[in-house]
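Whatever order the structure lists them in is the order used to number ligands and atoms, beginning at 1. Sequence positions, counted from 1, serve as the residue numbers for this chain. The shown structure was predicted, so the numbers you read here are calculated from the model rather than taken from an experiment.
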Amino acid sequence: MTAIRQKNVTAAQWSANGSDVAPADLTKEENVVFGSNVFSIKTQKERLPADVFARLQGTLEKGEALDVELADAVADAMKDWALENGATHYTHVFQPLTGLTAEKHDSFFRPTDDGGSIAKFKGSELIQGEPDASSFPTGGIRATFEARGYTAWDPTSPAFLLDNPNGTLLCIPTAFASWTGEALDAKIPLLRSMDALSRSAVRALKLLGDEEASRVVTTVGPEQEYFLIDEQYFYARPDLLLTGRTLFGAQPAKGHELDDHYFGAIPERVLAYMMDCEAELAKLGVPITTRHNEVAPAQYEVAPMFENSNVGSDHQQLLMQILQNKARKYGLVCLLHEKPFAGVNGSGKHNNWSMGTDTGHNLLDPGDTPSENLSFLFFCAAVIQAVDKHQGLMRATVANIGQDHRLGANEAPPAIISVFLGGELEKVFETMAAGEGDPHTPEEVLDLGAEVLPDLPMDGGDRNRTSPFAFTGNKFEFRALGSSMSLAFTNTVLNTIVAEAIDDLSAKLEAAEGDLTARVIKVVTESYIENRRIIFGGDGYSDEWQQEAEKRGLKNLRTTPDALPEVIAPSTIEVFGSYNVLSERELEARFEVWVEQYAMNANIEAETAATIARTLIIPAVAKHLVLLDDADAELLEKESRGLFNELVERTIALEDANGYPDGLEEEGMELAIYARDRQLAAMHEVRVIADRLERIVADNYWPLPKYSEMMFIK
Ligand code: ADP
Ligand code: MG
């Protein structure tokens with residue numbers, strides 16, 4: 001049997017590496033593990049002296065900095081709790097601009113004079129760490145002579161224990177900044193944006209007659225798609241190993257055309273894996289609610305319940321980490337790439353987003369009373385306005401190299417941002433818009449309000465899977481994120497641009513005349529009319545929409561290099577600056593980092609493809625030619641020889657493209673565009689031929705596991 005077929009047989013006979021999760025009796029209290037590895041408010045209350053607990057909560061509520069004495073007391077309790085649970089080390093976890101999480105472990109134990117050791121954890125160590133910033137992307141913010149950066153404890157995201165078979169790690173969520181105070185991470189701007197939105201929304205609520213709310217919190221509920229394949233295939237494919245996706249691979253005879261995978265019975269190995277992940281996540285306080293098979297063979301989805309944006313975003317990073325770690329125990333590898341298999345449905349991430357008051361009111365919930373509805377229409381209009389004004393930036397938040405295979409490819413939303421309101425809500429806005437403009441009919445406007453507003457039956461309204469940004473009853477769902485992405489920047493942008501729109505509408509509300517209902521309707525209507533070009537309820541996958549969107553003046557930013565400049569567009573710099581979320585310098589740094597990441601990733605793909613073509617595929621085809629020659633199979637040999645020559649030529653052309661030509665600016669947009677138009681294009685040319693050859697070269701010569709194996713053996 002060939003080497004790869006042998007892998008298939010082994011893959012089909014998997015058994016768990018290590019123990020399985022024994023089913024627990026969930027009626028017993030000790031088996032209910034939710035949050036058991038979290039230094040939660042409940043744990044803090046049990047562990048901290050009463051006065052320390054009260055002072056900590058008070059400080060957090062006011063958003064003040066912790067004094068040293070308080071920090072010492074908290075650190076001490078945290079250390080004891082961690083040690084009792086098997087921890088030997090602690091780490092500040094943070095999210096640098098790599099999009100991944102970073103950690104550096106420090107031991108609790110210090111040697112003592114008598115040759116023993118003692119566990120110590122000081123408040124200062126809890127509050128602040130000092131990793132060397134020079135090895136993280138900074139986009140030029142850090143001068144090389146001052147490489148220091150620091151991490152600062154974020155007490156609003158709970159510390160937790162990460163278990164490993166050989167010990168436990170105390171993880172402290174932190175922010176990461178340069179020594180001069182610039183944000184070098186994803187968390188700082190997110191926290192700043194949450195504050196900004198809260199201030200704007202509380203101001204608006206006061207104008208709308210809600211005097212009680214003192215804080216508004218944004219929420220995020222993600223839905224995560226991923227692929228699982230047997231690890232033997234993964235490690236037999238240099239492209240998967242280095243780039244996270246297959247750079248070669250012919251379409252299998254069977255894809256998802258039978259629709260037999262979506263919501264199908266979950267294969268046993270996969271379900272065992274999912275349950276294990278969920279058990280681990282439960283301990284970490286990540287509330288998983290949903291699991292199911294997704295559209296493509298070997299594709300799945302997991303969704304936690306929504307939480308505040310900061311915690312939800314930290315939990316999402318943790319979720320991706322657990323998904324990847326646990327897979328190995330089941331002989332699987334979890335692929336979070338946006339497009340691991342060409343021609344097969346890719347993986348995205350939905351970002352359900354809303355705003356809620358500290359009094360328990362979801363601002364995007366239409367509600368039962370006319371006043372609640374007024375408030376709803378106001379905030380909904382603000383979201384529409386924000387998304388229309390900053391559509392390019394919204395597109396940029398979901399840009400990465402993997403997304404370029406997905407967005408606009410008839411399986412994911414188009415690269416054009418639009419808003420889907422659903423038939424009924426759209427009708428409400430349209431009715432208001434139609435009644436606008438006659439200053440002599442305030443009664444009518446009011447009537448319209450009274451008549452239309454009380455029943456806004458949006459619950460479970462119609463759905464549109466092709467829309468990138470859809471209203472779904474009591475929240476907006478941004479559906480264009482990629483599966484590997486952090487939620488932080490998308491939510492930072494949403495919060496910031498909506499804060500701006502809320503303030504704009506609030507100012508107009510203050511300036512308008514008449515009673516509250518009339519003023520709200522006027523402001524909402526005007527905003528809607530101005531921004532309604534962004535509303536689209538039709539088929540986002542269709543060609544007609546591309547043309548229609550162009551007519552409407554909507555942006556269609558097809559690739560990452562097209563989209564990223566929106567990060568430093570004047571409208572972005574203005575809104576991020578005026579809400580103190582990111583300065584122009586901080587935005588430029590991010591832009592620079594992301595452009596560079598695109599170019600580097602493209603280069604890694606192109607180099608990997610060239611190597612695979614030259615060292616694996618070309619030799620395999622050469623052997624096949626000998627086989628045909630020996631067999632005097634002239635017709636077949638001629639066919640294969642033609643393709644072989646073509647493959648060699650195209651591989652050389654790819655290698656040429658990979659050697660950057662003289663005069664090319666080897667950084668910035670110029671390099672990114674070169675990578676897209678020359679390297680990725682040349683790589684595609686090689687692939688087309690190689691994939692044809694995969695179908696005709698003798699199976700036992702073909703050096704890479706095929707799609708038909710990787711996706712179907714579970
Ligand atoms: P689907 O989009 O697949 O139809 P649901 O409508 O059941 O799924 O819910 C999708 C997601 O919306 C869930 O992950 C849930 O946590 C999230 N969600 C619900 N309410 C909110 C909210 N107020 N803010 C943010 N996310 C929310
Ligand atoms: Mg969804």
Does V220 reach ligand 1 with a nitrogen or oxygen that is under 3.5 Å from one of the ligand's nitrogen or oxygen atoms?
no
Pair E280 + K283, salt bridge at N-O below 4.0 Å
yes
Reported CZ-to-CG distance for the pair R406 and N400, which is rounded to 0.5 angstrom
9.5 Å
Distance-only N or O hit between ligand 1 and P304, under 3.5 Å
yes
Which atoms of ligand 1 have any heavy atom of M305 under 4.0 Å away?
16 (O)
So, are K349 and E225 salt-bridged, with charged N and O less than 4.0 Å apart?
no
Would E223 count as a polar contact of ligand 1, with the cut-off being nitrogen or oxygen pairs under 3.5 Å?
yes
Distance under 4.0 Å to a non-hydrogen atom of G221: what atoms of ligand 1 satisfy this?
25 (C), 26 (N)
Side chain to side chain contact (heavy atoms under 4.5 Å, CB included), paired with L393, selected from V387, I497, L494, T496:
I497
Of F469, W353, F379, which meets ring-ring contact (aromatic ring centres under 6.0 Å, His included) against F476?
F469
Distance only, no hydrogens: is a donor on one side chain within 3.5 Å (strictly under) of an acceptor on the other, for E294 and N345?
no
Nearest heavy atom to atom 13 (C) of ligand 1: which of N352, T290, T218 does it belong to?
N352
Between T219 and ligand 1, does any nitrogen or oxygen pair lie at a separation below 3.5 Å?
yes
Pick from R465, H350, M355, K475: the one approaching atom 18 (N) of ligand 1 most closely through a non-hydrogen atom:
K475
S354 neighbourhood, listing ligand 1 atoms whose heavy-atom distance to it stays under 4.0 Å:
22 (C), 23 (N), 24 (N)
To which of N362, T289, D365 does the heavy atom nearest atom 23 (N) of ligand 1 belong?
N362
Distance-only donor-acceptor check, side chains E338 and S484, under 3.5 Å:
yes
So, do M355 and V383 sit near enough that their side-chain heavy atoms are less than 4.5 Å apart?
yes
Side chain, backbone, both or neither: which part of L364 comes within less than 4.0 Å of ligand 1 when only heavy atoms are counted?
neither
Distance under 4.0 Å to a non-hydrogen atom of E477: what atoms of ligand 1 satisfy this?
2 (O)
